[in-house]
There are 2 protein chains.
Amino acid sequence: MSRNTYSTETVPPTAPAVVGFALGPEFRLTKQRREVYDSLCEQRNHPTATELFIRVKERVPGISLATVYNCLETLTHSGLVRQVNLDRGPSRYCPNLKEHGHFHCESCSTIYDVDLPDCAMPLPRGYVVSRLDVSLRGQCPACTKAAKAARP
Amino acid sequence: MSRNTYSTETVPPTAPAVVGFALGPEFRLTKQRREVYDSLCEQRNHPTATELFIRVKERVPGISLATVYNCLETLTHSGLVRQVNLDRGPSRYCPNLKEHGHFHCESCSTIYDVDLPDCAMPLPRGYVVSRLDVSLRGQCPACTKAAKAARP
DNA sequence: GATTTATTTAGAATAATTCTTGATAACCTT
DNA sequence: AAGGTTATCAAGAATTATTCTAAATAAATC
């Protein structure tokens, strides 16, 4: 994996050491929230709520899917987690707090975090931007290579 | 409205004069498809399928919502229309074929077409991009101004 | 004009997410 | 540490956007 993408393994660390502080005084750091957050940080492959639910259940057997949704909403609101929406698919979640975009491979469905160019949007005066979402679709290097090999 | 946004009125013309050709040989130019497309071009405010449905029904009273969905899918596949997905909201549709992004005002919910910067994504070698989606959220000039006026 | 094939319609089905309600757990006060 | 307050959780129902299904219709082809 080269310069500008972060693989599942190498995503830069994102979480403040003590999540309790980052959650803010308005939110409580519960076991469920911590486990959802921890599982999300372990996986790093942009799981859906349901995928996370399955994973978290191993540690917190009684947890419900609705709770996973709630936790993710809380984490998103407190800024620890980013919700990633690609087309009409189910929301995916990403603990990488660095500003970045997403590349979605149409062949293998992997989602890669990618750097953004450091140029600004050419917006006319008066627009105040609170969030930027950049997503790309296409073929990742591995799939491009595989496709080439398949048909000479 | 200034340089880099297209208002509801001033969106640059996008449709080939004869939609029939553009639809391609694999698709038939039916009354429903034409009316859906025409209504979409008239509105220009990124309507949802349901919003379009209501509008098209005035001209084609018997049309069904499923048909509007079908038509939009066909139009999207043939490249005449772009499906715009912002967060988890219902899909919206856009006949502006020029490459552009979308600015979504959190106050008035208007969606503006915006220019993209002409710098390239800093992708590592091997990524093949077939589509780019850029969306911004924030406050549009009108709402920013109104907010300022409201509280001194 | 008959035949084939795509499209439309209406309604059922699906999938992701949100809502509701009562139970539980965390926090705060004393 | 007990009691009170408020946030959170769990389970299942409800909602919303969208897709699917099957029969009817319309377009294109022969």
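Order of the sequence lines fixes the chain letters, A, B, ..., with proteins taken first and strands second; residue numbering starts at 1 for each chain. Just so it is clear, the values below take in all heavy atoms, side chains as well, and ignore hydrogens, waters and symmetry mates.
- Residue B:Gly62 is in sugar-phosphate contact alone, with no base atom involved, counting any heavy-atom pair closer than 4.0 Å across all strands shown.
- Ionic pairing of A:Asp113 and A:Lys98 is not present here: no N-O contact between side-chain nitrogen and carboxylate oxygen is shorter than 4.0 angstrom.
- With B:Glu51 contributing its side chain and B:Thr48 its backbone, the two residues share a donor-acceptor pair below 3.5 Å.
- Residue A:Lys57 contributes atom NZ, which lies 12 Å from atom C1' of D:dA11 at whole-angstrom precision.
- Between D:dA11, C:dT8, D:dT18, one nucleotide has an atom nearer to the side chain of A:Arg88 than all others, and that is D:dT18.
- A salt bridge links A:Arg82 with A:Asp133; the closest basic N to acidic carboxylate O contact falls under 4.0 Å.
- Not one side-chain nitrogen or oxygen of B:Gln32 sits closer than 4.0 Å to the OP1 or OP2 atom of D:dA26.
- In the set C:dT8, C:dG11, D:dA11, D:dA11 carries the atom at the smallest distance from any side-chain atom of A:Ser64.
- One can place CG of A:Asn70 at 18 Å from P of C:dA16, the figure rounded to the nearest angstrom.
- Regarding A:Arg92, its CZ atom lies at a distance of 15 Å from the C1' atom of C:dT17, rounded to whole Å.
- At whole-Å resolution of the value, NZ in A:Lys31 and P in D:dT8 are 16 Å apart.
- Looking only at atom types and distance, the side chain of B:Gln139 has a donor-acceptor partner in the side chain of B:Ser107 under 3.5 Å away.
- Looking at the side chain of B:Arg33, the nearest of the listed nucleotides D:dC20, C:dT7, C:dC19 is C:dT7.
- Minimum atom distance to the side chain of B:Tyr69 is reached by D:dT19, of the listed C:dT18, D:dA11, D:dT19.
- To the nearest angstrom, C1' of C:dT7 lies 16 Å from NE2 of B:His77.
- By the criterion of side-chain heavy atoms lying less than 4.5 angstrom apart, applied directly or through intervening Ile, Leu, Val, Met, Phe, Trp or Tyr residues, B:Val129 is grouped together with B:Val134 in one hydrophobic cluster.
- Between C:dA26, D:dC9, C:dA6, one nucleotide has an atom nearer to the side chain of A:Arg28 than all others, and that is C:dA26.
- When heavy atoms are screened at a 4.0 angstrom cut-off, A:Thr48 is found touching no nucleic acid atom at all.
- When the C1' atom of D:dT16 is taken as reference, atom CG of B:Leu65 falls 12 Å away, rounded to whole Å.
- Following rounding to the nearest Å, A:Tyr93 (OH) and C:dA16 (C1') show an atom-to-atom distance of 10 Å.
- A:Ser91 comes within 4.0 angstrom of sugar-phosphate atoms only, judged by non-hydrogen atoms across all strands, and of no base.
- Checking the phosphate oxygens (OP1, OP2) of D:dA26, no side-chain nitrogen or oxygen of B:Thr30 falls inside 4.0 Å.
- Atoms CG (A:Asp87) and C1' (D:dA17) sit 15 Å apart, rounded to a whole Å.
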